[in-house]
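Below is one structure, written out as structure tokens, with a few remarks after it.
Not measured: the values here are computed from a predicted model.
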Amino acid sequence: MIVQKLLSILIGYIFGLFQTAFIIAKLNHIDIRDYGSGNSGTTNAMRTLGKKSGFLTYFGDMFKAVLAIIVTYFLFSTKCEGHMFIIALYTGFGVILGHNFPFYMNFRGGKGIAAFSGLVIGLMIYDYKFFIFGFVIFFGTLLITKYVSLSSLILMFCFFVEMVAFGQLKMINHLHDSDRLEAYALAFVLMALSFIRHRTNIKRLLNGTERRIGSKKED
């Protein structure tokens, strides 16, 4: 299984290298990393290039995670029967690494939230709970606070809590008992990585200068 897990990360990383915002910006003859927050993700694309480009960026970054999980499912489902939930997690982890740290962009990518949402959607093959909870948590927080960054951070924190809670209660479908600690560790790493990538947003949230949804430009 070690080989399959490593291959899942590699496959995910390759899919993650498809930088939707960067490509759309290049078609508009700009490098999105030189504008707004300098981030190659959905929020900066929306603020820099407009709502249409922002939505295209989100769906592009989301679908690459879903497609990567589908690919590893067909490649490893026979060999790793009973362990595909953890394989999907490793694949999604690889996609987020590729999205956040693309080698051809000097490792300056996005923050991984759209790609993470693709991971959660991909997990619906095995268990729908993470999608339902994630949808309610993210959009509920966004509706109340209007902060995309805060909603993203709460989403990631809750994903880790859900993984541990559901895992301990043995309520995660297709998660083998021997994979539970790995699932917890991966969920924690994803959460920690998200907080690290949002460190400037956290500073702005704390000092009250973070822009709410609908702002036309990044601080």
Where the side chain of [X] meets the backbone of [Y], is there a donor-acceptor pair that is under 3.5 Å apart?
X	Y	answer
Lys146	Leu143	yes
His99	Val95	no
Lys129	Met171	yes
Asn44	Asn39	yes
Asp31	Arg33	yes

Side chain to side chain contact (heavy atoms under 4.5 Å, CB included) between Phe76 and Ser8, worked out: CA-CA 9 Å; Phe76 305 132; Ser8 295; 3.5 Å; yes
Going hydrophobic residue to hydrophobic residue with side-chain gaps under 4.5 angstrom, can you get from [X] over to [Y]?
X	Y	answer
Tyr13	Ile196	no
Leu56	Phe22	no
Val120	Val136	no
Leu186	Leu6	no
Ile32	Ile23	no

Sub-4.5 Å side-chain heavy-atom contact between [X] and [Y]:
X	Y	answer
Thr57	Met46	no
Lys111	Ser152	no
Met1	Cys80	yes
Thr48	Ile30	yes
Thr209	Lys203	no
Ile137	Phe159	no
Asp127	Phe166	no
Leu17	Phe103	yes

Which atom names give the shortest non-hydrogen contact between [X] and [Y], and what distance separates them?
X	Y	value
Lys64	Gly16	NZ-O, 3.2 Å
His83	Ser178	CE1-OG, 3.6 Å
Gly167	Ile172	N-CD1, 3.7 Å
Ile86	Lys5	CG2-CE, 4.4 Å
Ala88	Leu123	CB-CD2, 3.8 Å
Thr145	Ser151	OG1-OG, 4.1 Å

Is it the case that [X] and [Y] place a side-chain donor and acceptor less than 3.5 Å from each other?
X	Y	value
Tyr73	Thr91	no
Gln19	Tyr104	no
Tyr90	Gln4	no

Evaluation steps, side chain to side chain contact (heavy atoms under 4.5 Å, CB included), between Phe15 and Leu67: CA-CA 8 Å; Phe15 272 86; Leu67 290 174; 3.8 Å; yes
So how far is it from [X] [atom1] to [Y] [atom2], rounded to the nearest 0.5 Å?
X	Y	atom1	atom2	value
Met156	Phe116	CE	CZ	4.0 Å
Ile125	Phe85	CD1	CZ	11.0 Å
Phe59	Ser117	CZ	OG	9.0 Å
Arg180	Lys170	CZ	NZ	5.5 Å
Met84	Tyr126	CE	OH	3.5 Å
Thr43	Ile213	OG1	CD1	7.5 Å

Parallel, tilted or perpendicular, as decided by the 30° and 60° cut-offs, for the rings of Phe188 and Phe160: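 Perpendicular.
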Within 6.0 Å of CZ in Phe157, more than 12 heavy atoms from elsewhere: no
Thr20 and Thr42: CA distance, side-chain angles, deciding distance, side chain to side chain contact (heavy atoms under 4.5 Å, CB included) verdict: CA-CA 9 Å; Thr20 313; Thr42 300; over 6 Å; no
Leu153 vs Asn201, side chain to side chain contact (heavy atoms under 4.5 Å, CB included): CA-CA, chis, key distance, verdict: CA-CA 10 Å; Leu153 292 168; Asn201 301 88; 5.7 Å; no
Lys NZ or Arg CZ of Arg197 over Phe101 ring: under 6.0 Å, within 45°: yes
